[in-house]
Number of protein chains: 2
Amino acid sequence: MITASALQAGTKQRILDTAEHLFACEGYRGTSLRAITGKAGVNLAAVNYHFGSKRALLEEVIKRRMGPLNQVRRKRLEEIRARSLTEGKRPDIRAVLTAFIEPTILFRESERGAGDFITFIGRSFADPDDTVRTVFHRVINPMVQLLFRTVSEALPNQPKDIIFWRLHFTIGALFHTMHIYGAMKPAFMSMTTYIDARSLVNLIIPYVTAGMKA
Amino acid sequence: MITASALQAGTKQRILDTAEHLFACEGYRGTSLRAITGKAGVNLAAVNYHFGSKRALLEEVIKRRMGPLNQVRRKRLEEIRARSLTEGKRPDIRAVLTAFIEPTILFRESERGAGDFITFIGRSFADPDDTVRTVFHRVINPMVQLLFRTVSEALPNQPKDIIFWRLHFTIGALFHTMHIYGAMKPAFMSMTTYIDARSLVNLIIPYVTAGMKA
DNA sequence: GTCTATACGATGATAGAC
DNA sequence: GTCTATCATCGTATAGAC
C-alpha cells in the first residue's frame with residue numbers, strides 16, 4: 001500500500017534524522033531511545049521495530065551518509081592512481097590529500113543535516129564508547145587503507161611506518177577540525193574565528209601537505 | 001591520626017587510580033561508580049564521601065596529572081619567551097612547539113598510570129559528554145592561550161586567524177596521536193607499528209613545524 | 001572522621017501482548 | 001505498528017557502625 005509504505009518511510013527517516021542530530025549533540029551513549037523517539041514524534045518501540053536495536057540504528061545513521069561520501073573520495077583517489085599509472089609518474093601528494101580532505105569538509109554543505117553528521121564523525125574516531133569506534137572503524141577502514149596506499153605511491157622513498165604516523169597526524173588534524181568546525185559550542189578560545197568551508201580547505205591542505213613532505 | 005589519615009589517603013588514591021584507568025578504557029559516561037568502587041575494593045558511597053559527586057571525581061582525576069604537566073609546559077614556554085625578549089629576536093617556532101608537545105608525549109613514561117591518563121586526555125577534547133569537555137577545557141584553556149600567544153610571537157607576520165586554525169590542526173594531530181598511541185585496541189589498521197615515545201616526538205615535531213610554517 | 005549497608009527515584013534497552 | 005510491562009543499572013542520599 002502506498003500510504004503505509006510512505007508512512008513507514010517517513011517514520012524511518014524521521015528517526016534517522018533525529019538520531020543523527022542527537023548523536024551529534026549529546027553523543028551515542030548520551031542519547032536515549034526515549035529522546036530520539038520523543039523528538040521524532042514516533043513510538044518508543046519504533047526503533048526496535050525498524051532497526052532492531054540502538055546499535056543497528058547507529059550503523060544506519062553512519063552508513064547513510066558515509067556511503068555516498070566514501071564513494072566520492074574513492075572515485076577521486078582511484079582517478080589519481082589511474083592517471084598516475086597511464087602517465088607513468090607518481091601521484092602528487094597534495095592532490096592525493098585534497099582528494100580525501102576536500103569532499104569531507106565540503107560535505108557539510110552538500111545535504112541538509114550533513115553538518116550534524118560531520119560533527120558526529122569528527123568525534124567518532126576517539127569516541128569513548130567501544131560500539132561507536134567499532135562501527136565507525138568498519139566503515140572507514142577500507143577508505144583509510146586506500147588513502148594509505150595512494151599516499152605511499154606518492155611518496156615512494158619514505159618508509160611505510162613514517163607514512164603511517166604522518167597519515168595519522170593528518171587524520172587527527174582533519175577530524176579535530178571537523179569536530180570543532182561544527183561544534184555546538186565553538187568557542188573554547190575566546191575569539192570566534194568564522195571561516196567558510198572552502199577557505200578551511202584552502203588552509204588545511206597546505207598544512208598537511210607540508211607535514212607529509214617534511 | 002596517622003593510621004586513619006593513611007587509610008584515607010589509600011582509599012582516595014585507590015579511587016583516583018581506578019577511576020583514571022576505567023575512564024581511559026570505557027569513557028566517563030561508560031564508567032559507573034559501582035564499577036570504580038567495586039574494582040578499587042571500596043564502598044560505593046566512598047566516592048560521594050571523598051569527592052562529593054562523580055563530576056567532582058572527574059575533576060580530581062584530570063587535575064591530579066594535568067597540574068604537574070601544565071607546570072612543565074608553562075615553564076618551558078615562559079623560558080622561551082623570556083630568552084626571546086632578552087636576546088631581542090623572536091622565538092623559534094620549532095622550539096615553541098617542542099616545548100608544548102615533548103612533555104606531553106613523554107609524560108606517558110613519567111609516572112605509573114600516566115599512560116591511562118594520556119589516553120583519556122587524547123579523547124577528552126572531542127568527548128561526546130558535555131561534562132568532560134567542560135571540565136577539560138577549563139583546565140587546558142590557559143595553557144592553550146599561552147601556546148597561542150607564544151606561537152604568535154614566533155610567527156609575527158601571520159594573521160591571527162591563520163595561526164588559530166593551524167594551531168588547531170596541530171592540536172588535532174597531537175591529541176589524535178595521544179589517543180591512538182595509548183589506545184587499548186591499537187590496530188584499526190592491520191599493521192602494528194610500534195614506536196617509542198622519543199621517536200614519536202621526533203616524528204611529530206617536524207610534521208607540525210612544517211605545517212605551521214607552510 | 002571514615003567507612004558500610006541499603007534504599008530511592010530516575011532512566012536505560014528491549015520484548016511481548018495487543 | 002503501538003502500548004505497556006519488565007528488569008537492569010544508574011547516581012545519589014542517608015542512617016548507623018567502627
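Letters A, B, ... are given to chains in the order of the sequence lines, protein chains preceding strands, and every chain is numbered from 1.
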ask   = So, is B/Thr11 close to the C/dC3 phosphate, meaning a side-chain N or O under 4.0 Å from OP1 or OP2?
value = yes
Donor-acceptor under 3.5 Å (B/Thr209 side chain, B/Ile205 main chain) = yes
key: Whole-Å gap separating P (D/dT12) and CZ (B/Arg55)   = 11 Å
ask   = Which part of the nucleic acid, if any, lies within contact of B/Thr31, taking any heavy atom under 4.0 Å across all strands shown: a base, the sugar-phosphate backbone alone, or nothing?
value = sugar-phosphate
B/Phe51 CZ to C/dT2 C1', straight-line distance once rounded to whole Å = 14 Å
ask   = Is there a donor in the side chain of A/Thr104 and an acceptor in the side chain of A/Arg73, or the other way round, less than 3.5 Å apart?
value = yes
note = Rounded to whole Å, CG of A/Leu44 lies from C1' of C/dT14 at a distance of 9 Å
inquiry  = Salt bridge or not between A/Glu79 and A/Lys75? Use side-chain N to carboxylate O under 4.0 Å.
reply    = yes
query = Does OP1 or OP2 of C/dG1 have a side-chain N or O of B/His50 closer than 4.0 Å?
reply = no
ask   = Between A/Ile15 (CD1) and D/dG1 (P), how many Å, whole number?
value = 10 Å
message = Without decimals, in angstroms, what is the distance between B/Arg34 CZ and C/dC8 P?
response = 14 Å
ask   = If each of A/Ala45 and B/Val42 is mapped to the nucleotide of DNA chain C with the nearest heavy atom, which maps nearer the 5' terminus, i.e. the 5' end?
value = B/Val42
request  = Could you tell me how the ring of A/His168 sits relative to the ring of A/Trp165: parallel (under 30°), tilted (30 to 60°) or perpendicular (over 60°)?
outcome  = tilted
request  = Please state how far atom NZ in B/Lys54 lies from atom C1' in C/dT11, giving the value in whole angstrom units.
outcome  = 14 Å
task = Figure out the CG/C1' separation between B/Asn43 and D/dG16, and round it to whole Å.
result = 13 Å
message = Can you see if the side chain of B/Tyr49 gets near the phosphate of C/dT2 - specifically, an N or O under 4.0 Å from OP1 or OP2?
response = yes
task = Identify which nucleotide among D/dT2, C/dA15, C/dA7 has an atom closest to any side-chain atom of A/Asn48, counting heavy atoms from C-beta outward.
result = C/dA15
Spacing between B/Lys12 atom NZ and C/dT2 atom P, to the nearest angstrom = 9 Å
request  = Start with the C-alpha gap between B/Phe169 and A/His176, add the side-chain angles, then the distance that decides, and say whether ring pair (Phe, Tyr, Trp, His ring centres under 6.0 Å) holds.
outcome  = CA-CA 7 Å; B/Phe169 303 152; A/His176 179 74; 8.8 Å; no
